[in-house]
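Below is one structure, written out as structure tokens; comments come after it.
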Amino acid sequence: MSAHTVGAQPAVTTVPSGDQGQVGGPQRSAWLFIAPFGFFYLCFLLGPSIYMFVASFFDTSIVKTGLGDFIGLENYSALVQSKDFWSSMWHTLQFTIYTVPPLVILSFVFAVLANRMPRGSTFWRLAFFTPYILPSAAISLIWVFIFTADTGLWATVQKWFGADAPTPVLGTPSLAMVGIAVATIWWTIGFNFILYLAGLQDIPRELYEAAAIDGATPWQQIRHLTIPLLSRTTTLVLLLQIIASLKIFDQVYLMTGGGPGTSTETALVFITKTGFTDYRIGAAAAASFLLFVVIVTIAVIRQLVERAQQKGA
């Protein structure tokens, strides 16, 4: 060690007085940017959710002010014993079964086909995604026209094949939910299609080239490369689709209103009728909370599955 370094004092860096006032500035700016969203989140999502949970323990009604009288778990007990509530939950599950598998499988197949096309990929993206940007009211009107008895497009097709009395899809209890499911699949398949297409474009082309050199057929490439590498995308699509199906309301309300009879009355339609037709806000809040618990449970299961996949990778 040289003599002139002995006893040397460390250099002290001083912060200019003008910069001292900037400490914490980025944090304040971030909070200012978040504040508008936080305000609307609190007022229109978190606040109403808390009120819903509290109201589920009262006999709250839309025709009187305040929460009403405290009744504890009576709303939940009445729902558990209600055949209409369980019927609406079954119709919601039925719709989920009808829509989730086709929306996952068909969107994957169409995305793989579009990704392998050297030309026209932009056209196919636009063709599949355009219906998704249309409002639910427009979609419902289109498919109500298609399924209109006697004069609709589906009735015309049935007449071409010799049917004297075409079956009214939305007017038949056993077919009404199928008709709503078909309309929903046509409407929302584009969103899943885009998700899968984005996942496919993230897979390196070298993997497919190496597999082709090793003699793998296109089906073997899809089975052993594409499907495993898109597993996280598939779990995401499944979660989003299941949650969307459990919250089905627009198409049912606009196309059938829950009918014929109650054959298409889903959980949200039941909640709407309970709260705004029967004026039983407390009972509707209890049903909403039960549906919320189901959705959160599915989201948690999906998160656990994804963590297990990450650990196994």
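For clarity, every value in this text was computed on a predicted model and none was experimentally measured.
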From [X] atom [atom1] to [Y] atom [atom2], the distance as rounded to the nearest 0.5 Å:
| X | Y | atom1 | atom2 | answer |
| --- | --- | --- | --- | --- |
| T122 | L126 | OG1 | CG | 9.0 Å |
| T92 | I248 | OG1 | CD1 | 9.0 Å |
| L103 | T188 | CG | OG1 | 4.0 Å |
| I105 | I189 | CD1 | CD1 | 10.5 Å |
| S49 | M52 | OG | CE | 5.5 Å |
| L175 | I180 | CG | CD1 | 11.5 Å |

Partners meeting ring-ring contact (aromatic ring centres under 6.0 Å, His included) with [X] (sequence neighbours left out):
| X | answer |
| --- | --- |
| F270 | F85 |
| F44 | F40 |
| F70 | F58 |

Hphob cluster co-occupancy, [X] + [Y], side-chain heavy atoms under 4.5 angstrom:
| X | Y | answer |
| --- | --- | --- |
| V252 | W90 | no |
| F289 | L73 | yes |
| Y41 | F33 | no |
| F123 | L197 | yes |
| F145 | L141 | no |

Taking all atoms of both residues into account, what is the closest heavy-atom pair of [X] and [Y], and its distance?
| X | Y | value |
| --- | --- | --- |
| A211 | L225 | CB-CD1, 3.9 Å |
| T156 | T151 | OG1-O, 4.2 Å |
| I185 | P102 | CD1-CB, 3.8 Å |
| P48 | C43 | CD-O, 3.2 Å |
| P168 | T172 | O-OG1, 2.6 Å |
| A181 | Y98 | CB-CB, 3.7 Å |

For salt bridge (Lys or Arg N to Asp or Glu O under 4.0 Å), just list the numbers for K64 and D69, CA-CA rounded to whole Å, side-chain angles, deciding distance to a tenth of an Å, and then say yes or no. CA-CA 11 Å; K64 61 182 180 181; D69 299 327; 5.2 Å; no

I'd like to check the side-chain contact (heavy atoms from CB on, under 4.5 Å) partners of [X]; sequence neighbours left out, ordered by chain and number.
| X | value |
| --- | --- |
| Q158 | W154, A163, P166, T167 |
| I139 | L134, W143, W186, W187 |
| P101 | none |
| A286 | S56, N75, Y76, L79 |

Taking only residues two or more places apart in sequence, or in another chain, which ones meet [X] in a salt bridge (Lys or Arg N to Asp or Glu O under 4.0 Å)?
| X | value |
| --- | --- |
| K159 | none |
| R280 | none |
| R116 | none |

Does the side chain of [Y] come within less than 4.5 Å of [X]'s, by heavy atoms?
| X | Y | answer |
| --- | --- | --- |
| T262 | D84 | no |
| L113 | V109 | yes |
| I142 | F147 | no |
| L67 | D59 | no |
| V157 | W160 | yes |
| L229 | L207 | yes |
| I71 | F57 | no |

Ignoring hydrogens and geometry, is there a side-chain-to-backbone donor-acceptor pair from [X] to [Y] under 3.5 Å?
| X | Y | answer |
| --- | --- | --- |
| E265 | G259 | no |
| S61 | Y279 | yes |
| S107 | V104 | yes |

Please step through side-chain contact (heavy atoms from CB on, under 4.5 Å) for the pair I222 and V112, ending with a clear verdict. CA-CA 9 Å; I222 293 173; V112 170; 3.9 Å; yes

Steps toward side-chain contact (heavy atoms from CB on, under 4.5 Å) verdict (R302, L238): CA-CA 9 Å; R302 186 262 175 182; L238 274 172; over 6 Å; no

Mind jotting down which residue pairs meet the ring-ring contact (aromatic ring centres under 6.0 Å, His included) criterion with at least one end in residues 190-229? Sequence neighbours excluded, please.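 Sorted result for residues 190-229: F108-Y196, F128-F193, Y132-F191.
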
Can you list the steps and then say if Q220 with T217 is a side-chain contact (heavy atoms from CB on, under 4.5 Å)? CA-CA 5 Å; Q220 290 174 332; T217 63; 3.2 Å; yes

Worked verdict on F249 versus V269 for side-chain contact (heavy atoms from CB on, under 4.5 Å): CA-CA 6 Å; F249 175 77; V269 176; 3.9 Å; yes

Give every residue pair that meets the side-chain hydrogen bond (donor to acceptor under 3.5 Å, both in side chains) criterion with at least one member in residues 240-260, sequence neighbours excluded.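 side-chain hydrogen bond (donor to acceptor under 3.5 Å, both in side chains) check on residues 240-260 returns T99-S245, S136-D250, T184-Q251, N192-Q241, T256-T264.
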
